[in-house]
Protein chains: 2
Amino acid sequence: MAKASRKVTILDVAAEAGVSSGTVSRVLNNDAHVRPETRQRVLEAMERLGFVANRQARSLAGGKTNTIGVLVPDLGTGYIGEIIRGIDAELSFHGLDLVLYTTHRTASKEANYVANLASGMVDGLLLVLPRNPADYVGNLTQRKFPFVLIDHQGTGRDCPAVGATNWQGAYDATEYLIKLGHKRIGFITGSMDLGCAVDRLAGYRAALRTYHIPEDPDLIYEGTFFQPDGYAGACAFLDLPHPPTAIFASNDVMAMGVMDAVRNRGLRIPDDISVIGFDDIPQAALVRPALTTVQQPLENMGRVATQMLLDLLQQPGREVGRIELPTKLILRESCRPPRDASESSRPAL
Amino acid sequence: MAKASRKVTILDVAAEAGVSSGTVSRVLNNDAHVRPETRQRVLEAMERLGFVANRQARSLAGGKTNTIGVLVPDLGTGYIGEIIRGIDAELSFHGLDLVLYTTHRTASKEANYVANLASGMVDGLLLVLPRNPADYVGNLTQRKFPFVLIDHQGTGRDCPAVGATNWQGAYDATEYLIKLGHKRIGFITGSMDLGCAVDRLAGYRAALRTYHIPEDPDLIYEGTFFQPDGYAGACAFLDLPHPPTAIFASNDVMAMGVMDAVRNRGLRIPDDISVIGFDDIPQAALVRPALTTVQQPLENMGRVATQMLLDLLQQPGREVGRIELPTKLILRESCRPPRDASESSRPAL
DNA sequence: CATTGTTATGTAAGCGCTTACAAAAAGTTG
DNA sequence: CAACTTTTTGTAAGCGCTTACATAACAATG
């Protein structure tokens with residue numbers, strides 16, 4: 001008995017089952033207008049011949065690819081991997097394929113991929129940490145092409161997007177440090193061309209304002225989400241005449257760089273300097289002291305974005321806004337009240 | 001001027017340029033038999049109309065998909081991400097698409113995907129950490145369907161594969177611990193249905209034999225490459241009447257579980273227990289103390305495997321064997337001589 | 001039993017492109 | 001200039017499947 005082969009087409013199955021190719025196609029597509037006995041006969045013929053449908057032909061003839069394009073800035077970080085895991089799970093569940101493209105953080109490459117993919121190559125797009133969505137969001141929306149942005153803010157227009165409460169997360173983390181008694185809190189930003197980085201900085205600033213702590217520009221270091229920037233930012237802060245007593249980094253990887261720098265200065269965490277990160281990647285719990293961080297529901301973001309996209313596939317042009325999944329402050333061991341804090345200096349609650 | 005749209009076909013371009021669709025196709029495929037002036041005219045018409053070729057149609061008519069299927073057991077770990085990064089880079093360079101499938105470590109799902117994908121859906125397959133290649137390797141080889149196994153051993157036949165020197169890597173790591181003075185070295189295996197796990201255990205055993213250290217079955221814990229097994233294995237070792245002074249885990253993720261368990265016992269790394277992992281995923285350098293580990297050239301494995309596959313695409317049926325890329329022991333901070341070691345107890349060099 | 005309505009199946013055009021083969025055009029040689 | 005060769009282009013079948021429409025078969029009703 002022959003196994004799966006390129007040569008078995010619906011014509012072969014039709015001949016084997018004694019029906020037309022149209023009926024074979026109906027069985028393939030679970031059309032209701034097939035008698036159960038006929039359906040069974042066709043399915044058995046498929047099994048006997050080892051028939052496997054040709055996806056290209058189905059896409060071309062049916063006008064659908066059953067494929068979703070996923071654009072990511074790069075690979076290899078746990079952050080992206082967790083999001084893709086959620087995407088992959090949802091797509092698998094719905095029998096859709098995932099085609100992966102890496103933009104290498106290049107805006108022109110991103111726009112180029114989008115233009116190509118949205119021209120019939122995929123049924124929809126998931127754009128993870130997009131660089132310049134303003135370049136193409138208007139066009140996609142006008143054409144009712146289904147897409148969802150993941151972890152993004154800032155196109156100047158309402159469009160399908162899933163993110164986390166970056167602002168609130170950063171506000172909560174800063175507030176927590178303030179309530180511990182910290183009045184000088186260093187902040188290391190992410191890449192400021194990304195909306196999530198902008199929101200986290202804004203949350204930090206808002207918490208300072210709420211508690212009437214003046215913002216000190218020397219306590220804000222612009223980073224790029226990479227570990228060396230955490231290290232460099234912490235060194236810059238510790239070189240100040242009045243160094244901070246706490247450092248809040250915009251992601252866990254940079255927070256680990258901060259921890260390195262603090263230790264290299266012979267200082268202790270959290271006795272001398274408290275540290276907070278953002279993301280709650282698995283390693284945050286593994287470092288010592290275990291990192292206090294703002295947890296992002298990465299995998300769930302992937303899932304929710306995919307579900308949103310699938311809804312859009314069913315109802316093209318439907319109005320969908322932004323969904324923000326809650327962040328959560330995860331308290332571990334990297335924070336404590338500042339050394340010179342006393343009860344009288346605590347903010348009134 | 002109209003931009004990319006599904007509606008522009010080669011017929012439109014042919015009309016615009018005043019040639020036949022056959023000529024448009026020749027230009028599309030860089031056929032030599034087109035006059036330069038004609039070619040230019042057609043390219044300009046494509047530009048004017050915003051033509052984008054339909055990939056499904058090209059695949060169906062031309063019999064090639066220009067797509068490579070990549071099967072992985074799961075996502076979210078740095079290990080897989082690094083390999084995919086290498087694959088992605090090579091495929092991008094050659095203008096091929098990457099379609100990603102996750103088998104969720106299920107052998108039947110793996111075999112099913114392979115059967116489907118190898119039936120004209122993709123031009124070739126890259127199988128990362130395959131579960132049961134013996135199920136389908138014979139069929140693929142017989143049909144001259146191009147595939148490459150990544151990080152695999154044990155199909156009982158020679159076939160295209162890229163791996164790392166697991167045996168040598170484990171031998172080197174164990175040797176290093178022995179030379180530090182450790183005589184009781186715990187070993188946590190990976191999933192023993194994977195060849196790489198088998199090789200690592202074999203390398204560990206070989207090093208013990210070389211230095212005449214008797215193998216103690218209580219010092220070998222069978223794991224599955226997941227972090228909880230590292231934790232559980234370390235707990236089992238530390239509960240022994242004569243616990244080990246060092247623990248070598250078959251991958252970094254489990255090594256991090258070991259670190260957790262050691263700390264929860266109030267012990268210090270490396271003062272009380274030395275720890276070694278395997279892989280050198282990015283996170284290995286981030287934990288504290290930084291993990292000594294056997295580095296696998298993950299990204300390069302992805303690259304080399306992809307190059308091998310591209311060669312096979314050009315010459316189907318060509319005989320290709322296994323390539324092993326060298327591992328490398330990366331010394332960091334998680335190891336030191338055992339507490340009771342003295343110079344006289346060091347093995348003679 | 002005749003009529004009407006519903007379900008099931010067959011037929012064939014077409015999805016967008018490739019490519020073999022035929023025809024036309026261009027170039028070379030004696 | 002005629003004959004021959006090479007290059008370029010047009011034509012049309014076909015890749016494997018979908019699906020609109022026509023036809024056949026079956027069921028229900030008066």
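Chain A is the first sequence line, chain B the second, and so forth, proteins listed ahead of strands; every chain is numbered from 1. Every value quoted in this text rests on a predicted model; they were computed, and no experiment measured them.
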Rounded to the nearest Å, what distance is computed from the CG atom of residue A:Leu60 to the P atom of nucleotide D:dG14? 17 Å
Could you tell me the separation between the CZ atom of B:Arg35 and the C1' atom of D:dT7, rounded to a whole number of Å? 9 Å
Strictly under 4.0 angstrom, non-hydrogen atoms only: write out the protein contact profile of nucleotides 18-24 of chain D, one letter per nucleotide from the 5' end, B, S or -. BBB----
From CG of A:Leu49 across to P of D:dG16 the rounded distance in Å is 14 Å
Checking the side chain of A:Ser25 only, and the main-chain atoms of A:Ser21 only, is there a donor and an acceptor separated by less than 3.5 Å? no
Thinking salt bridges, do A:Glu44 and A:Arg41 make one under a 4.0 Å N-O criterion? no
Rounding to an integer number of Å, can you tell me how far B:Arg41 CZ sits from D:dT9 C1'? 11 Å
Distance in angstrom units between A:Gln56 CD and C:dG16 C1', rounded: 13 Å
Can you tell me if B:Glu319 has over 12 outside heavy atoms packed within less than 6.0 Å of its CD? no
Side chain of A:Ala53: nearest nucleotide among D:dC17, C:dC17, D:dG16? D:dC17
Test item: B:Thr102 side-chain N/O and B:Pro73 main-chain N/O as donor-acceptor pair under 3.5 Å: no
Proximal nucleotide (of C:dT9, D:dT8, C:dC17) relative to the A:Thr38 side chain: C:dT9
Step by step, work out the salt bridge (charged side-chain N to carboxylate O under 4.0 Å, His left out) result for A:Asp74 and B:Arg85. CA-CA 8 Å; A:Asp74 66 10; B:Arg85 189 200 299 232; 5.2 Å; no
Please confirm whether the backbone N or O of A:Thr23 pairs with a side-chain atom of A:Ser20, one donor and one acceptor, at under 3.5 Å? yes
Return the CG to CZ distance between A:Leu310 and A:Phe93, rounded to the nearest 0.5 Å. 10.5 Å
Does B:Ser20 have a side-chain nitrogen or oxygen under 4.0 Å from the phosphate oxygens OP1 or OP2 of D:dG10? yes
For A:Asp12 and D:dG16, what is the distance between atoms CG and C1' respectively, to the nearest whole Å? 11 Å
Rounded to whole Å, CG of B:Asn54 lies from P of C:dG16 at a distance of 7 Å
Could you tell me the separation between the NZ atom of A:Lys64 and the P atom of D:dG16, rounded to a whole number of Å? 22 Å
